[in-house]
Visitor: 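Okay, here's the structure, questions in a sec.
Whatever order the structure lists ligands and atoms in, that order sets their numbers, starting from 1.
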Amino acid sequence: MKQFLTLSDLPDLDQAVNEGLALKKDPYKWEALGNQKTLGMLFFNPSLRTRLSTQKAAQQLGIKTMIMNFSNEAWALEYEDGTQMSGLRSEHIREAAAVISQYCDVVAIRAFASLTDKQKDEQEIVLNSFIKFATIPVINMESATGHPLQALADAITLKEYQQKSRPKIVLTWAPHPKALPHAVGNSFVRMAQQLDANFVIAQPKGYELNPKITKNTPLTYNQEEAFEGADFVYAKNWCSYSEYGKILRTDDQWMVTDEKMKLTNNAKFMHCLPIRRNIVATDAVLDSPNSLVIEQAHNRTFAAQVVLKKILEHG
Ligand code: SN0
């Protein structure tokens, strides 16, 4: 694998999931693979799990890491070509990406959606500019439109906890006080579409994800109907896609509660974290033994390890 921008860069999802599970059993087996290799990790947005799990994954593969926070430490980058740089942006991506390529063997980047300009967000300007001007492989640590490391970790978690063939998996929109990106939802959809599962997306009117991504996955506007018989409930907020960046409702009707979880087939509860307690889901749901949120975070390490291993093996 020469880069990891979306899930489709994985040659085979099921194989990657199995490799993640094998690494979980024997995390240091490939410690010699990353000898004398350096991973640069660039953050344009906050992170807890992504930063620590990717760093842990690198350590387990013998890779050294260098981390830079672009929101306050680095020079502000210019991405436009041919501009006269008289404003606040001190360094052009052409130099920045080429320079980082001198110090690192792989670069991983987090750059969220602006949620103000759909077209620009969908162009993935930060990620694609690094791909264009860096001479080393690029890994997506959540871009404007996708979070494939999270989706791979979620696929590993689903496989670990699946108790029957063709489980029912529900991705449900949930409330949030802030306008959040579609990235996690998009990548979860792309992943779940590849599973042998009864996969349904529940969201209120106006919150449908990009139809180019949801394709023919069943959508419902009735959350309780979706929960009936569910084996997994994956909650996530995202802002409106059609009215791009907007929050269309502020009520708590779509919060995941114990009462709603009782409609399910004793479903496991999933969320990528961070989660706003008693907004997205109640304390009771999060503190229930059916909650997998900590195990999902644990599996982020092995998802990142699979990706780093495949990139290093490509050479
Ligand atoms: C991010 C998102 O894409 O939804 C990262 C999730 C992995 N989440 C947030 O920005 C939550 C911020 C908040 O204030 O709750």
Visitor: Judging by distance only, is a nitrogen or oxygen of His176 under 3.5 angstrom from one on ligand 1?
Guide: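 Right, the criterion is met.
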Visitor: Quick test of your reading: applying ring-ring contact (aromatic ring centres under 6.0 Å, His included), list the pairs with at least one residue in residues 44-101, sequence neighbours left out, ordered by first then second residue.
Guide: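 For residues 44-101, and leaving out neighbouring residues, the ring-ring contact (aromatic ring centres under 6.0 Å, His included) pairs sorted by first residue read Phe44-Phe70.
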Visitor: Does a side-chain N-to-carboxylate-O contact under 4.0 Å join Asp287 and Arg277?
Guide: yes
Visitor: What atoms of ligand 1 come within less than 4.0 Å of a heavy atom belonging to Lys178?
Guide: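 Heavy-atom distances to Lys178 below 4.0 Å select 12 (C), 13 (C), 14 (O).
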Visitor: Starting from Tyr28 and following side-chain heavy-atom contacts under 4.5 Å between hydrophobic residues (I, L, V, M, F, W, Y), which residues can be reached?
Guide: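 Besides Tyr28, the hydrophobic cluster comprises nothing; the residue is isolated.
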Visitor: Short list, please: which atoms of ligand 1 are under 4.0 Å from a heavy atom of Arg276?
Guide: 13 (C), 14 (O), 15 (O)
Visitor: Quick one: look up the protein heavy atom nearest atom 10 (O) of ligand 1 and list residue, atom name and how far away it is.
Guide: Leu180 CD2, 3.7 Å
Visitor: Does Pro181 have a heavy atom less than 4.0 Å from any atom of ligand 1?
Guide: yes
Visitor: Before accepting this row, confirm whether a basic side-chain N of the pair Lys260/Glu224 lies closer than 4.0 Å to the acidic partner's carboxylate O.
Guide: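 No, no charged N to carboxylate O under 4.0 Å.
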Visitor: Compute the minimum heavy-atom distance from Lys236 to ligand 1 and say whether it is under 4.0 Å.
Guide: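 Heavy atoms of Lys236 do come under 4.0 Å of ligand 1.
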Visitor: One thing to verify: whether Lys268 and Asp231 come together as a salt bridge, which I'm taking to mean a side-chain N less than 4.0 angstrom from a carboxylate O.
Guide: no
Visitor: Side chain, backbone, both or neither: which part of Leu273 comes within less than 4.0 Å of ligand 1 when only heavy atoms are counted?
Guide: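 It is the backbone that gets close, since no side chain atom is under 4.0 Å.
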Visitor: Under a 4.0 Å threshold between the charged nitrogen and the carboxylate oxygen, would Asp196 count as salt-bridged to Arg166?
Guide: yes
Visitor: Please state whether Glu142 comes within less than 4.0 angstrom of ligand 1, counting heavy atoms only.
Guide: yes
Visitor: Quick check: do Lys310 and Gln15 have side-chain heavy atoms less than 4.5 Å from each other?
Guide: yes
Visitor: Can you tell me which portion of Gln150 lies within the under-4.0 Å heavy-atom range of ligand 1? Options are side chain, backbone, both, or neither.
Guide: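 None of Gln150 does.
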Visitor: Contact between Thr50 and ligand 1, counting heavy atoms under 4.0 Å?
Guide: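 Checking ligand 1 against Thr50, which is what was asked, there is no heavy-atom contact under 4.0 Å.
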